[in-house]
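What follows is one structure encoded as structure tokens, with my remarks underneath.
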Number of protein chains: 2
Amino acid sequence: MKLSKTSEYALRILIYMAKKPADLYTAKYLIEQLHVSDKYLRRLMTELSKAGFIKSTQGRDGGYTFAKPINEISLYDIIDSVESMDKLNDCVLGFNECSCTNPCAMHDEWLVIRQKLNKIFHETKLSDLDFEHVLRY
Amino acid sequence: MKLSKTSEYALRILIYMAKKPADLYTAKYLIEQLHVSDKYLRRLMTELSKAGFIKSTQGRDGGYTFAKPINEISLYDIIDSVESMDKLNDCVLGFNECSCTNPCAMHDEWLVIRQKLNKIFHETKLSDLDFEHVLRY
DNA sequence: AATAAATACTACTTATTTGTAGCATATTAA
DNA sequence: TTAATATGCTACAAATAAGTAGTATTTATT
């Protein structure tokens, strides 16, 4: 009942960048600021580039910037790009056959929770966050 | 953003038993009904016994029954006994220092979600579930 | 053209979770 | 008291997630 480390890092990085969304950030700088390990961050940045959130420029004076406006990037999209958000909608008891017409004993309770989770994660965009106190390492 | 397999199994088993809470269930029977592997289920049952939800009687004609009324067993308690529910209250970005006075950028959004999750898991007791359609393998 | 400073890729290592095997222990009934 | 039928324990195996190492590639500056 927790996000994966990879999702945590992805959120941390993009939220940090969203504070000044027009800037160019080098991996080296983000590693220092956010205390995510070198190779892990770099690999993750490549994933986030492929997912279309950021774009990288290689070579000297290179780095990463947003590839689209931060009010178009939801927390749902970010998490979904590194761990499937679909699993949130799986049966909480692990039954594959579970559905509204053939529900498990917890189906209705879980439906309420997951709808709220989906709603908040979908509706919260990077631009909605409070950057006054962006906690960082 | 999903319960562990172990939590799923723990819930499956106890919810299944809660349908007829006075009965004695053998491991063999539960394994057949719920398709949880032999040794894994047995180990889990021992944990659930130690946590005080069920009690076991060894030897011939042995098995497991509830150790207390099922309206005193919440889903929170069950999940917490096999994977720490505390982690639900950890910072969603993984910052140890995150708190209401020193919040991360997602602190407020996440607080709303986790309070709802905590509430539902705490308030839902085994006796509250709908046993008309207990889906099983 | 050489160098410096950046990202990209592939393979490997470690840690955690999940699942399995085999033997030990307990209890009832004939 | 022996056989049958239960649970309990310890150690191992497999799968997945997390983290690390080293090298290749790209590009602006000189």
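In this structure, the side chains of A/Leu117 and B/Lys116 stay at 4.5 Å or more apart for every pair of heavy atoms. Using a 4.5 Å cut-off on side-chain heavy atoms (C-beta onward), B/Cys100 and B/His107 make contact.
Residue B/Lys5 has its side chain nearest to C/dG19 when only D/dT29, D/dT26, C/dG19 are considered. With D/dG8, D/dT20, C/dT7 as the candidates, the nucleotide lying closest to the side chain of B/Ser56 is D/dG8. Here the side chain of A/Gln58 is nearest to one of C/dA11, C/dA6, D/dT26, namely D/dT26.
Between the NZ atom of A/Lys28 and the C1' atom of C/dA4 there is a distance of 12 Å, rounded to whole Å. In this structure, OH of B/Tyr40 is placed 5 Å from P of C/dT18, rounded to the nearest angstrom. Rounded to whole Å, atom C1' of D/dA17 lies 14 Å from atom NZ of A/Lys2. If you measure from atom CG of B/Asp38 to atom C1' of D/dT5, you get 13 Å, rounded to the nearest angstrom. In this structure, B/Met45 places its CE atom 14 Å from P of D/dC9, rounding to the nearest Å. Put simply, CG on B/Leu44 is 15 Å from P on C/dT17, counting in whole angstrom units. Atoms CD1 (B/Ile31) and C1' (D/dT7) sit 11 Å apart, rounded to a whole Å. If you measure from atom CD of A/Glu47 to atom C1' of C/dT7, you get 15 Å, rounded to the nearest angstrom.
The aromatic rings of B/Tyr29 and B/Tyr16 sit tilted, their planes meeting at an angle between 30° and 60°.
Taking all atoms of both residues into account, the shortest heavy-atom contact from B/Leu88 to B/Arg114 is O-CD, 3.8 Å. Among all heavy-atom pairs drawn from B/Ile78 and B/Ala10, the shortest one is CG2-CB, 3.9 Å. Here the shortest heavy-atom pairing between B/Val92 and A/Leu3 reads CG2-CD1, 3.4 Å.
Using a 4.0 Å cut-off, no side-chain N or O of B/Tyr9 falls inside it from OP1 or OP2 of C/dT18. Taking 4.0 angstrom as the limit, B/Lys50 places a side-chain polar atom (N or O) nearer than this to OP1 or OP2 of D/dC9. For the OP1/OP2 pair of C/dT7 and a distance below 4.0 Å, the side-chain nitrogens and oxygens of A/Thr57 include no atom meeting the criterion. The side chain of B/Tyr64 places an N or O atom within less than 4.0 Å of a non-bridging phosphate oxygen (OP1 or OP2) of D/dG8. Considering only side-chain N and O atoms, B/Arg42 lies nowhere under 4.0 angstrom from the phosphate OP1 or OP2 of D/dG8. Here B/Arg60 does not reach the OP1 or OP2 of C/dA29: none of its side-chain N or O atoms lies under 4.0 Å away.
Contact check on A/Glu72 versus A/Lys68 returns no salt bridge, with no Lys/Arg side-chain nitrogen under 4.0 Å from an Asp/Glu carboxylate oxygen.
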Tell me, with the steps shown, if A/Tyr40 and A/Thr6 meet side-chain hydrogen bond (donor to acceptor under 3.5 Å, both in side chains). CA-CA 9 Å; A/Tyr40 208 84; A/Thr6 307; 2.8 Å; yes
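Nearer to the 5' terminus of DNA chain D, by closest-nucleotide assignment, is the contact made by B/Ser49 (compared with the other of B/Arg43 and B/Ser49). Both B/Ser37 and A/Asp61 lie near DNA chain C, and the one whose nearest nucleotide falls closer to the 5' end is A/Asp61.
Within the 3.5 Å criterion, the main-chain N or O of A/Ser99 finds no donor-acceptor partner in the side chain of A/Asn102. Remark: side-chain polar atoms of A/Thr124 are not paired, donor with acceptor, to backbone N or O of A/Phe121 under 3.5 angstrom.
Taking OG of A/Ser7 as the reference point, atom CZ of A/Arg12 lies at 12.0 Å (rounded to 0.5 Å). The CD1 atom of B/Ile13 lies 12.0 Å from the OH atom of B/Tyr25; values are rounded to the nearest 0.5 Å.
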Base-pairing string, 5' to 3', of DNA chain D - Watson-Crick or wobble, under 3.5 Å, | interstrand: ||||||||||||||||||||||||||||||
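Contacts with DNA chain C (heavy atom under 4.0 Å) in residues 79-89 of chain B: none are found.
Under the 4.5 Å side-chain heavy-atom criterion for Ile, Leu, Val, Met, Phe, Trp and Tyr, B/Leu24 and B/Met45 are members of distinct hydrophobic clusters.
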Between the protein and nucleotides 22-24 of chain C, list the N/O to N/O atom pairs that are separated by less than 3.5 angstrom.
| unit_1 | atom_1 | unit_2 | atom_2 | d |
| --- | --- | --- | --- | --- |
| C/dG22 | N7 | B/Lys39 | NZ | 2.7 |
| C/dG22 | O6 | B/Lys39 | NZ | 3.2 |

